[in-house]
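In what follows, a structure is listed as structure tokens, so that the remarks can point back to it.
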Amino acid sequence: MDGGTQPRSQLFKEVVAEYAEDMKQGANFPPVTIYYDGEEYWLADGFHRVRAKEAIEATEVTAEVHLGTQRDAVLYAVGANAAHGLRRTNADKRRSVERLLRDHEWSLWSDNAISKKCGVSNTFVGKIRNELMLTNNDNTATLRRGIDNRLIDTSKIGGKSLQDTKDTTKRQRKKKQASKITSPTPLVQSKEVVRGDTWKLGKSHYLFCGDSSSKKFQKLIPSEIGLFMIFIDTKEHWPQFLPENTMNAFCFYSSYGEDIDLRNLRQIIENCLATTTDADDTVIMINLPDPSLFILMESLYCPCYCAEPDPQRCTDALTAWAAINQPVKKL
């Protein structure tokens, strides 16, 4: 119940008390909804009912259990009670919409897709999105994900031509990185990486600044590897062999080099992770094309061990990581 899946802005004590009294009288309530990821049970709907059970000191609750992750529970929760149960307040509706709009993946969804998922109007989503954009001073997002899961370029809506987008893509990406580096967060300004450094990000990710062949990095790698990913800059660097106990492998090369659209690359990597790994499967990453990939690994519950020889790329990774307020430590 403490995993961030609560869709309401607050629980109402009087409702809990009313439910508890009804339960004492023998009233039957619908089962709560839970998602199970193999280790944890995430409550998605029925917070008032569970609290009422606790109030009468009951130790069991009837539940519908679905296979899924914490994020699956969140997606279910944001639309719960839209058509049944305790009527949602405007604050509840806003909380649900903001939960999706503040997420690095769900924020790409169109207003229409988010409105359908949250059970609110399209204009309500657009209003909150505009408010958040003004607050964050972020006017660079030009992609939206439609209800059919396709990415749609919205850059023309404001009058920008396709040619303008092509001409400024690389400049916009540099600007985004610079804005992160100059963020007022103390963690961003204090972390500078040099070759040979090893950093621990959160509870389960490791970033080594150096070559993957280094003994220092090899000692970090666990015995079993769920996915081995390598990003190469020339065709001559295709791997000749894979580490032992590698379950799956992914090798990426592009002639576009630094000009590749990182959003598309991130989607490719996410699809690869989703189809080849489960939660807690270890990922080995050789070279780091996108500094935000550790955040993606965190969202998919995959411990990541990365070797990147460029200190600036490593510094960018720590900068991106600081945005989610997770701990970072030099080993």
Mind checking what makes side-chain contact (heavy atoms from CB on, under 4.5 Å) contact with Glu270, not counting sequence neighbours? Glu105, Gln267, Leu296, Leu300

In chain order, what residues pass the ring pair (Phe, Tyr, Trp, His ring centres under 6.0 Å) check against His66, with sequence neighbours excluded? Tyr35

Test your reading of the model: is there a side-chain donor-acceptor pair from Ser214 to the backbone of Gly210, 3.5 Å cut-off? no

Pairwise salt bridge (charged side-chain N to carboxylate O under 4.0 Å, His left out) hits with a residue in residues 23-35, at least two apart: none

Which residues satisfy the ring pair (Phe, Tyr, Trp, His ring centres under 6.0 Å) test with Phe252, sequence neighbours excluded? none

Atom CG of Leu75 and atom OG1 of Thr69: how far apart are they, to the nearest 0.5 Å? 8.0 Å

With sequence neighbours left out, write down each residue that passes ring pair (Phe, Tyr, Trp, His ring centres under 6.0 Å) with Phe29, or none if nothing qualifies. Tyr19

Could you list all the side chain to side chain donor-acceptor pair (under 3.5 Å) pairs where at least one residue sits in residues 51-63, not counting sequence neighbours? Arg51-Glu54

Ser223 backbone acceptor or donor facing Asn245 side chain under 3.5 Å: yes

Pro30: side-chain contact (heavy atoms from CB on, under 4.5 Å) partners, not counting sequence neighbours: Arg49

What do you reckon, is NZ of Lys13 surrounded by more than 12 foreign heavy atoms closer than 6.0 Å? no

According to ring-ring contact (aromatic ring centres under 6.0 Å, His included), does anything in residues 305-328 pair up with another residue at least two apart or in another chain? List the pairs. His205-Trp321, Tyr206-Tyr305

Could I get the full list of salt bridge (Lys or Arg N to Asp or Glu O under 4.0 Å) partners for Arg94, not counting sequence neighbours? Glu98, Glu131

At what distance, to the nearest 0.5 angstrom, does OG1 of Thr277 lie from CE of Met297? 8.5 Å

Do Ile230 and Tyr253 belong to the same hydrophobic cluster, where Ile, Leu, Val, Met, Phe, Trp and Tyr are linked whenever their side-chain heavy atoms lie under 4.5 Å apart, directly or via other members? yes

Would you name the heavy atoms of Tyr36 and Glu39 that are closest together and state the gap between them? CE1-N, 3.6 Å

Enter the distance from Phe294:CZ to Ile324:CD1 here, rounded to the nearest 0.5 Å. 11.0 Å

Chi angles and distances behind the side chain to side chain contact (heavy atoms under 4.5 Å, CB included) call for Arg129, Asp111: CA-CA 8 Å; Arg129 188 192 295 274; Asp111 291 352; 2.6 Å; yes

Can you get from Ile221 to Phe208 by hopping between Ile, Leu, Val, Met, Phe, Trp and Tyr side chains that sit under 4.5 Å apart? yes

Could you pull out all residues at least two apart from Asn287 that satisfy side-chain contact (heavy atoms from CB on, under 4.5 Å)? Phe231, Glu308, Pro309

Is there a side-chain contact between Ile284 and Thr282, using heavy atoms and a 4.5 Å cut-off? yes

Indicate if Leu293 and Leu227 have the same hydrophobic cluster label, given that clusters are the connected sets of ILVMFWY residues with side-chain heavy-atom separations under 4.5 angstrom. yes

pair Phe228-Met285: side-chain heavy atoms closer than 4.5 Å: no

Rounded to the nearest 0.5 Å, how far does CD of Glu298 lie from NZ of Lys203? 9.0 Å

Hey, does Glu64 have a side-chain heavy atom less than 4.5 Å from the side chain of Ile34? no

Hey, are Ser292 and Arg266 close enough side-chain-wise for a donor-acceptor pair under 3.5 Å? yes

Side-chain heavy-atom pair Ser107, Leu100 within 4.5 angstrom cut-off: no

Among Val78, Leu101, Asn122, the one residue meeting side chain to side chain contact (heavy atoms under 4.5 Å, CB included) with Ile114: Leu101

Salt bridge present between Arg195 and Asp211 (N-O < 4.0 angstrom): yes

Shortest non-hydrogen separation from Asp197 to Glu192 and the atoms involved: OD2-O, 4.1 Å

Atom pair CG (Asp310) and CG (Asp316), whose distance is rounded to the nearest 0.5 Å: 8.0 Å

Applying side-chain contact (heavy atoms from CB on, under 4.5 Å) to Val120 and not counting sequence neighbours gives Arg88, Lys93, Val97, Ser115, Cys118, Phe124, Val125

Looking at Asp103 and Arg71, is there a salt bridge between them, counting it only when a charged N and a carboxylate O are closer than 4.0 Å? yes

Does Leu201 belong to the same Ile/Leu/Val/Met/Phe/Trp/Tyr cluster as Val194, with side-chain heavy atoms less than 4.5 Å apart forming each link? no

From CD1 (Ile286) to OG (Ser212), nearest 0.5 Å: 4.0 Å

Suppose we screen for salt bridge (Lys or Arg N to Asp or Glu O under 4.0 Å). Which residues come up paired with Asp278, at least two apart in sequence or across chains? none

Grab the two heavy atoms, one from Ala73 and one from Trp42, that are nearest each other, plus how far apart they are. CB-CB, 3.8 Å

Taking side chain as C-beta onward, heavy atoms only, is Met1 less than 4.5 Å from Phe47? yes

Cluster overlap Ile225 with Met247, hydrophobic side-chain contacts below 4.5 Å: no

